[in-house]
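Below is one structure, written out as structure tokens; comments come after it.
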Protein chains: 2
Amino acid sequence: MSIDTSILREIFNDTPFTREESILIAGKFEKIKLKKGDTLLHADEVVYNQYYVSDGCLRTYFMDNSGKEHTLQFAIKDWWISDYTAFFTATKAVMTIECIQEATVYKVSRTSMESLYEGTPSLETFFRKKMEKAFSAFQKRILFSLSLTARERYTSFISTYPNIEQSVKNYHIASYLGITTESLSRIRKEITQ
Amino acid sequence: MSIDTSILREIFNDTPFTREESILIAGKFEKIKLKKGDTLLHADEVVYNQYYVSDGCLRTYFMDNSGKEHTLQFAIKDWWISDYTAFFTATKAVMTIECIQEATVYKVSRTSMESLYEGTPSLETFFRKKMEKAFSAFQKRILFSLSLTARERYTSFISTYPNIEQSVKNYHIASYLGITTESLSRIRKEITQ
DNA sequence: ATCCTTTCTTACCCTACATCAATTTTTCTC
DNA sequence: GAGAAAAATTGATGTAGGGTAAGAAAGGAT
């Protein structure tokens, strides 16, 4: 365990920590390198950690009873990823996190987080705000899934996440949008005409 | 402005505050009574406040270009409600909050919240955890909308929120599930047979 | 460069849910 | 409790997107 304190600047942006705080925080993180296809977290595993993505691309997906995959989230540089429902309650994951492009992530456990919050309120503020943004993003996604057609959701996705689009397969995007890869193909054809 | 400090126990459960903190916090809240049909927040208004629901039932809905309503959230006792995306960033609401059953809510502004966080870390912890739960709920909702049929989403809704079901109209539920009221009617018929 | 695997596309038909148009039931109001 | 308004149901028909199957492109591996 432990990472270089200089990386904290990347992870926590402009959040100011004292020298002591930095050392304490850095001591709780661990650097992990992943290759394409690696699984960072398996469904049914108890979730102890969340991960900061420094580089590469990952996705969280849920596999339903019929074996179909549903992508909940992609994560690229500066995103955090985990099965958060399971992470918050230290229960079993329903989702799997897969590396879809060679990645470097920094891992930290929930218990580490909780203990760090105690001595470092600015850290808690940082995560509260992260949480607020993530919450907003999910809210928007729900509204979109309720009110937009598949085609509209696709064009919205493309313009919102142009960087992600390059890193992922079309069938990943389809499973994120809630449509089949065939439908996405038809939509793409329609658009380019 | 200001409410009785005794109500804080209801709002913040078992969160312990000092006498001084309690007075400070209570000073930032305001009690509001709503009748059925009242609008607590209009789309296009800048959102300064969030609301704790002490009693009654409200819903947040989004109206799309074609005039169709999409219910994002219901709120009953002990839930918080706002257009959170707009609340966090002090921007204009895209959603409207409507009282659907005579309600009592307690209002507090974002700036009040931010200033209270500074002196009372336990308050920030309280809201961080609330946020985590809300985030999980939204995540679950996204997974359900990706992987379940309309019928499955309906039965899941009914069993998850039996208390809400009684307070709301079927067309509210339909707009929450992302289907038409006619489809919901057919699903209900199917189930009772 | 060639073979093999993965990904994407296309064509055909199918289904879950939508839309439109009444009609019935429930709820509100005086 | 009669009449009006709102909500729910039902039937007929339409459509976005799904399922299946096959082929075409694009990437890797050797």
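Here is the naming used below: chain letters follow the sequence lines, and residue numbers restart at 1 for every chain.
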* Go through the structure and list residues passing ring-ring contact (aromatic ring centres under 6.0 Å, His included) with A:Tyr171, not counting sequence neighbours. =>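 Here no residue qualifies.
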* Test ring-ring contact (aromatic ring centres under 6.0 Å, His included) applied to A:Tyr61 - qualifying residues, sequence neighbours left out ->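 By the ring-ring contact (aromatic ring centres under 6.0 Å, His included) rule, A:Tyr61 matches no residue at all.
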Measuring centre to centre across the rings, with the benzene-like ring taken for any Trp, is [X] within less than 6.0 Å of [Y]?
{"X": "B:Phe157", "Y": "B:Tyr154", "result": "no"}
{"X": "A:Trp80", "Y": "A:Phe127", "result": "yes"}
{"X": "A:Tyr51", "Y": "A:Tyr106", "result": "no"}

Rounded to whole Å, how long is the line connecting atom [atom1] of [X] with atom [atom2] of [N]?
{"X": "A:Ile173", "N": "C:dT7", "atom1": "CD1", "atom2": "C1'", "result": "13 Å"}
{"X": "A:Arg186", "N": "C:dC12", "atom1": "CZ", "atom2": "P", "result": "12 Å"}
{"X": "B:Leu177", "N": "C:dA16", "atom1": "CG", "atom2": "C1'", "result": "15 Å"}
{"X": "B:Glu190", "N": "C:dA16", "atom1": "CD", "atom2": "C1'", "result": "10 Å"}
{"X": "A:Leu146", "N": "D:dA16", "atom1": "CG", "atom2": "P", "result": "19 Å"}
{"X": "B:Leu184", "N": "C:dT19", "atom1": "CG", "atom2": "P", "result": "15 Å"}
{"X": "B:Ile187", "N": "C:dA16", "atom1": "CD1", "atom2": "C1'", "result": "9 Å"}
{"X": "B:His172", "N": "D:dA7", "atom1": "NE2", "atom2": "P", "result": "7 Å"}

Are [X] and [N] close enough that a side-chain N or O sits under 4.0 Å from OP1 or OP2?
{"X": "A:Ser183", "N": "D:dG18", "value": "yes"}
{"X": "A:Asn170", "N": "C:dT7", "value": "no"}
{"X": "B:Arg188", "N": "D:dA8", "value": "no"}
{"X": "A:Thr180", "N": "D:dG18", "value": "yes"}

Would [X] and [Y] pass as an ion pair if we require N to O under 4.0 Å?
{"X": "A:Glu132", "Y": "A:Arg128", "answer": "yes"}
{"X": "A:Glu190", "Y": "A:Arg151", "answer": "yes"}
{"X": "A:Arg59", "Y": "A:Glu98", "answer": "yes"}
{"X": "A:Lys77", "Y": "A:Glu10", "answer": "yes"}

Donor-acceptor contact present, side-chain [X] to main-chain [Y], <3.5 Å:
{"X": "A:Asp38", "Y": "A:Cys99", "result": "no"}
{"X": "A:Thr192", "Y": "A:Arg188", "result": "yes"}
{"X": "B:Asp83", "Y": "B:Val94", "result": "yes"}
{"X": "B:Thr155", "Y": "B:Glu152", "result": "yes"}

* To do: Classify every nucleotide of nucleotides 22-30 of chain C by which part a protein heavy atom approaches to under 4.0 Å, writing B for the base, S for the sugar-phosphate alone and - for neither, in 5'-to-3' order.
  => ------S--
* **Among D:dG11, D:dG17, C:dT10, the nucleotide that comes nearest once only the side chain of A:Lys189 is considered** =>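 Nearest to the side-chain atoms of A:Lys189, counting from C-beta on, is C:dT10.
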* Pull out every residue in residues 147-159 of chain A that has a heavy atom closer than 4.0 Å to any atom of DNA chain D, ordered by number, or say none. =>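 Residues of residues 147-159 of chain A that come under 4.0 Å of DNA chain D are, in numerical order, A:Thr149, A:Ala150.
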* Asked: What does the inter-axis angle of the helix from C:dA1-D:dT30 to C:dC30-D:dG1 come out as, five pairs per end, nearest 10 degrees?
  ->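 So the angle between the two local helix axes works out to 60°.
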* **Strand-adjacent residues in residues 55-73 of chain A, judged by heavy atoms under 4.0 Å from DNA chain C** =>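 Correct list: empty, so none.
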* May I ask you to check whether A:Thr5 and A:Ser22 show a side-chain donor-acceptor distance below 3.5 Å? =>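 Result is no, nothing qualifies.
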